[in-house]
S.K.: 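Okay, handing you the structure first.
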Amino acid sequence: MSLRDEESFELRNEKLARLRTRGVDPYPPRFHRTHTSEAATQTFVEWERAGAAGEPPTVVAAGRMTAQRDMGKATFVDLRDGSGKIQVYLKSDVLGEKAYAGLRDLDLGDFLGVRGSLFRTRAGEVTVEAAEYTLLAKSLQPLPEKWHGLVDTETRYRQRYLDLIANDDVRQLFALRSAIIDAIRRFMVGRGFMEVETPVLMPEAGGAAANPFVTHHEALDRDLYLRIAMELHLKRLIVGGYDRVFEIGRIFRNEGISTKHNPEFTMMESYEAYADYNDVAAMVEELVSWVAKETLGTTLVPFDDGTIDLAPPWRRLTVHDALKEYAGVDLEHYRRDEPGLRTLVRDMGIDAAPDAGWAKLVDELLSAAVEPKLLQPTFLMDYPAPLSPLAKRKPDNPDLVERFEPFGGGLELGNAYTELNDPVDQRQRFLEQARRKAAGEREVEMLDEDFLLALEHGMPPCGGLGIGIDRLVMLLSGKRSIREIILFPQLRSK
RNA sequence: GGGCCGUUAGCUCAGCGGUAGAGCUCCGGACUUUUAAUCCGGGAGUCGAGGGUUCGAAUCCCUCACGGCCCUCCA
């Protein structure tokens with residue numbers, strides 16, 4: 001349902017026509033203000049503080065009219081701009097009767113410019129006493145009503161501009177999101193990482209196990225995939241000699257939509273030569289706690305009923321130990337017993353796919369029995385190799401890889417590992433994935449010959465990281481739905 | 001893909017077999033320091049769409065659409 005009111009629309013169009021008849025341009029091309037609403041208030045406060053000598057300051061301000069209090073021969077209106085709002089006092093004897101009567105053709109939602117001197121009302125509010133006013137843009141649709149604001153979720157998402165107008169907390173939330181991304185960028189650049197851009201359109205969608213979107217290039221007459229990760233391109237740049245690169249960008253995965261998943265989402269990936277996953281873990285806990293301090297002023301984040309402390313060091317827990325602690329499962333007993341593990345998983349009431357292999361079963365166990373319990377920030381470390389075809393094996397146990405995932409608030413925040421730089425092992429791991437695909441598994445890593453060619457030229461030891469920006473914003477803002485922190489989330493088309 | 005809940009005026013909601021309601025918005029009137037301005041008066045609806053049951057449906061039943069939550073899926 002869209003917020004549209006035919007009756008108001010017609011009335012407002014009539015006013016628009018009247019304005020034009022009177023020679024008023026309802027959409028003038030420009031208006032130069034001297035002060036934002038915030039600056040205007042500030043200017044007056046400073047003038048008062050300096051002794052309020054002489055004439056009060058004069059300002060030219062502008063904004064959307066969000067309230068109108070008509071007292072007969074005088075009217076108060078609120079003008080809201082990006083910095084806040086300022087009250088304007090319009091008086092018949094100051095403006096002249098004709099100009100004052102012109103207010104009748106204005107509506108809530110119109111943009112106005114005003115020029116006038118500042119004063120403080122009886123109630124103490126800094127206010128512009130308008131010497132003149134100018135219509136800057138006529139609004140033909142009514143705004144959401146002021147008491148209850150806009151609550152309807154569908155309208156809030158489909159007409160996000162109304163959500164932003166009506167709900168100040170939403171405005172602040174997306175400003176926070178922007179600040180978080182800005183802080184991440186500053187952190188990475190401060191550490192000597194270079195920001196790069198790599199292709200979104202790819203001949204093969206690699207770097208993760210996910211279902212891609214397919215599109216078609218007309219001139220080349222070939223299908224292309226929207227990227228599901230940046231990994232394979234960024235590692236080529238490490239091969240190319242950059243020691244530290246990162247990218248913040250959109251990733252697309254053709255999968256289910258939920259409160260934790262949007263088909264397009266924002267990822268930050270970084271790769272650092274001569275680092276391993278322990279170095280990356282240290283960087284992640286510093287990054288997240290620093291970003292929290294920069295944007296929220298604290299590392300203590302309220303989430304659900306509790307508080308999450310993002311200050312380093314974060315708990316480090318191997319997958320093996322986590323399963324023992326949270327699920328009461330000792331993987332040692334099932335090391336070579338896939339049917340036994342499957343039975344156990346089933347008995348725990350976890351719905352695993354019938355074709356799930358040993359590693360996948362471990363993954364299911366983690367998702368169901370461990371991850372939701374990881375409220376305080378935790379690194380889950382050392383994953384089974386078959387789940388991680390791009391990660392380097394642990395030297396003392398080739399069944400495991402040097403990989404960790406950071407968790408907080410029960411949310412998976414990212415993924416990191418010591419990058420596999422052995423081109424022979426990498427080829428074998430791709431082939432193993434291909435075997436699993438042939439055996440019926442849907443989402444596996446695709447073999448990428450160009451990437452292998454790059455690795456064959458030699459890649460230094462390297463630590464890589466992917467952080468889900470949306471999940472991080474959820475954690476830092478305490479929001480449990482990803483749709484609340486994406487401006488225009490994917491919805492069904494109407 | 002499955003389950004549960006929801007959809008009534010522009011907004012926020014009540015009504016749940018017998019004449020479609022409230023507050024705010026909106027419209028008209030009064031008011032030159034209001035700020036949820038106040039006071040007086042007024043308009044407002046295919047009750048999400050379609051079908052069925054009934055003398056009679058916003059209300060009960062079925063189908064569909066959209067949304068929310070939970071599963072499934074998904075690093």
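Sequence lines set the chain letters: A, B, ... in the order given, protein chains first and strands last, and positions in each chain run from 1. Side chains are part of it too, since the values below use all heavy atoms of this structure and drop only hydrogens, waters and symmetry mates.
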S.K.: Counting only heavy atoms from other residues, nucleotides and ligands, does the tally under 6.0 Å from CD of Glu38(A) exceed 12?
M.R.: no
S.K.: Whether the side chain of Ser92(A) and the base of U32(B) hold a donor-acceptor pair under 3.5 Å is what I'd like checked.
M.R.: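 Checked by distance alone, the answer is no.
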S.K.: Can you tell me the distance, in whole Å, between the CG atom of Asp363(A) and the C1' atom of U72(B)?
M.R.: 15 Å
S.K.: Remember a base hit wins even if backbone is also touched, and classify Tyr157(A) as base, sugar-phosphate or nothing at under 4.0 Å, heavy atoms.
M.R.: sugar-phosphate
S.K.: Would Arg403(A) pass as a cation-pi partner of Tyr383(A), given that its NZ or CZ must be under 6.0 Å from the six-membered ring centre and within 45 degrees of the axis?
M.R.: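 That pair qualifies as a cation-pi contact.
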S.K.: When the distance from CD of Gln68(A) to P of U33(B) is rounded to whole Å, what number comes out?
M.R.: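 In whole Å, U33(B) P and Gln68(A) CD are 16 Å from each other.
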S.K.: Verify the contact: side-chain N or O of Arg483(A) to OP1 or OP2 of G68(B), cut-off strictly under 4.0 Å; return yes or no.
M.R.: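 Yes, within the criterion.
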S.K.: Please give the nucleotide sitting opposite U38(B) as a Watson-Crick or G-U wobble pair, both distances under 3.5 Å, or none.
M.R.: A30(B)
S.K.: Between G21(B) and A58(B), how many Å separate the two P atoms, rounded to a whole number?
M.R.: 13 Å
S.K.: Are any non-hydrogen side-chain atoms of Leu173(A) and Lys479(A) less than 4.5 angstrom apart?
M.R.: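 In contact.
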S.K.: Please give the distance between the C1' atoms of G10(B) and C71(B) as a whole number of Å.
M.R.: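 Nearest-Å result for G10(B) against C71(B) at atom C1': 37 Å.
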S.K.: Using Watson-Crick or G-U wobble geometry with both distances below 3.5 Å, tell me the partner of U63(B), or none.
M.R.: A49(B)
S.K.: Any strand counts, and the cut-off is 3.5 Å on both contacts for Watson-Crick or G-U wobble. Which nucleotide pairs with A20(B)?
M.R.: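 Partner of A20(B): none found under 3.5 Å.
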S.K.: Nearest to the Leu150(A) side chain among C66(B), C11(B), U33(B), which nucleotide is it?
M.R.: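 Nearest nucleotide to the side chain: C11(B).
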S.K.: Distance between the P atoms of U54(B) and C16(B), in whole angstroms?
M.R.: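 Rounded to whole Å, the distance is 24 Å.
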S.K.: How far does the C1' atom of G42(B) sit from the matching atom of C47(B), given to the nearest Å?
M.R.: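 Going atom to atom, C1' in each nucleotide, I get 23 Å.
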S.K.: For the base of U32(B), is there a side-chain donor-acceptor partner from Asp93(A) under 3.5 Å away?
M.R.: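 Pair found.
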S.K.: Does any part of the side chain of Arg64(A), heavy atoms only, come nearer than 4.5 Å to the side chain of Ile165(A), both counted from C-beta?
M.R.: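 The answer is yes; the side chains approach within 4.5 Å.
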S.K.: Could you tell me whether Thr153(A) contacts a base, only the sugar-phosphate backbone, or nothing, with contacts defined as non-hydrogen atoms closer than 4.0 Å?
M.R.: sugar-phosphate
S.K.: When the distance from NZ of Lys15(A) to C1' of G28(B) is rounded to whole Å, what number comes out?
M.R.: 12 Å
S.K.: Take the protein atom CZ of Arg156(A) and the nucleotide atom P of G67(B), then report the distance between them rounded to whole Å.
M.R.: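 From Arg156(A) CZ to G67(B) P: 15 Å.
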S.K.: Please tell me if Arg104(A) has a side-chain N or O lying less than 4.0 Å from either OP1 or OP2 of C27(B).
M.R.: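 Answer is no, no contact under 4.0 Å.
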S.K.: With rounding to whole Å, what would you report as the distance between A14(B) and G51(B) at their C1' atoms?
M.R.: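 Rounded to whole Å, the distance is 28 Å.
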S.K.: Between Gly124(A) and Lys91(A), name the one whose nearest nucleotide on RNA chain B is closer to the 5' end.
M.R.: Lys91(A)
S.K.: Would you classify Gly207(A) as touching base, sugar-phosphate or nothing, given that sugar-phosphate means primed atoms plus P, OP1 and OP2, and contacts are heavy atoms under 4.0 Å?
M.R.: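 Since a base atom lies under 4.0 Å of Gly207(A), the category is base.
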S.K.: Could you tell me whether Leu108(A) contacts a base, only the sugar-phosphate backbone, or nothing, with contacts defined as non-hydrogen atoms closer than 4.0 Å?
M.R.: sugar-phosphate
S.K.: Rounded to the Å, how far apart are Ile165(A) CD1 and C11(B) P?
M.R.: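 Going from Ile165(A) (CD1) to C11(B) (P), I get 14 Å.
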S.K.: Between C66(B), C73(B), C13(B), which nucleotide gets closest to the side-chain atoms of Val151(A)?
M.R.: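 Output: C13(B).
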S.K.: side-chain hydrogen bond (donor to acceptor under 3.5 Å, both in side chains) with Asp105(A): which of Arg12(A), Lys15(A), Lys138(A), Arg22(A)?
M.R.: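 When side-chain hydrogen bond (donor to acceptor under 3.5 Å, both in side chains) is applied between Asp105(A) and each of Arg12(A), Lys15(A), Lys138(A), Arg22(A), only Arg22(A) qualifies.
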S.K.: Which residue in the set Arg435(A), Gln428(A), Arg429(A) passes side-chain hydrogen bond (donor to acceptor under 3.5 Å, both in side chains) when paired with Glu432(A)?
M.R.: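 With Glu432(A) as partner, Arg435(A), Gln428(A), Arg429(A) yield a single side-chain hydrogen bond (donor to acceptor under 3.5 Å, both in side chains), made by Arg435(A).
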S.K.: Take atom CG of Leu11(A) and atom P of G28(B), then tell me their distance rounded to the nearest Å.
M.R.: 8 Å
S.K.: Applying ring-ring contact (aromatic ring centres under 6.0 Å, His included) to Tyr417(A) and Tyr277(A), what does each step give before you reach the verdict?
M.R.: CA-CA 5 Å; Tyr417(A) 31 84; Tyr277(A) 77 144; 9.4 Å; no
S.K.: In whole angstrom, give me the gap between the P atoms of G2(B) and C64(B).
M.R.: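 Each nucleotide's P atom is 9 Å from the other's.
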S.K.: Using a cut-off of less than 4.0 Å, is there contact between a side-chain N or O of Arg69(A) and OP1 or OP2 of U38(B)?
M.R.: no
S.K.: With a 4.0 Å cut-off on heavy atoms, is Asp78(A) in touch with a base, just the backbone sugar-phosphate, or nothing at all?
M.R.: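 The residue Asp78(A) makes no contact with any strand.
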S.K.: Could you check how far CD of Glu10(A) sits from P of G10(B), rounded to whole Å?
M.R.: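 Nearest whole value for this atom pair: 13 Å.
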S.K.: Taking only side-chain nitrogens and oxygens of Thr75(A), does any of them come within less than 4.0 Å of OP1 or OP2 of U32(B)?
M.R.: no
S.K.: What is the distance, rounded to the nearest whole Å, between atom CD of Gln159(A) and atom P of C11(B)?
M.R.: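 Rounded to whole Å, this separation is 9 Å.
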S.K.: On a whole-Å scale, what distance lies between the C1' atoms belonging to U7(B) and G50(B)?
M.R.: 15 Å
S.K.: Counting distance alone, no hydrogens or angles: does the base of U34(B) have a donor or acceptor under 3.5 Å from a partner atom on the side chain of Gln87(A)?
M.R.: yes
S.K.: Among G67(B), U32(B), C70(B), find the nucleotide with the atom closest to the side chain of Glu154(A).
M.R.: G67(B)
S.K.: Would you measure the distance from the C1' atom in A57(B) across to the matching atom in G17(B) and give it in whole Å?
M.R.: 7 Å
S.K.: Over all heavy atoms of both residues, which pair between Glu255(A) and Asn211(A) is shortest? Give the atoms and the distance, please.
M.R.: OE2-N, 3.0 Å
S.K.: Which listed nucleotide (C69(B), U33(B), C27(B)) is nearest to the side chain of Tyr89(A)?
M.R.: U33(B)
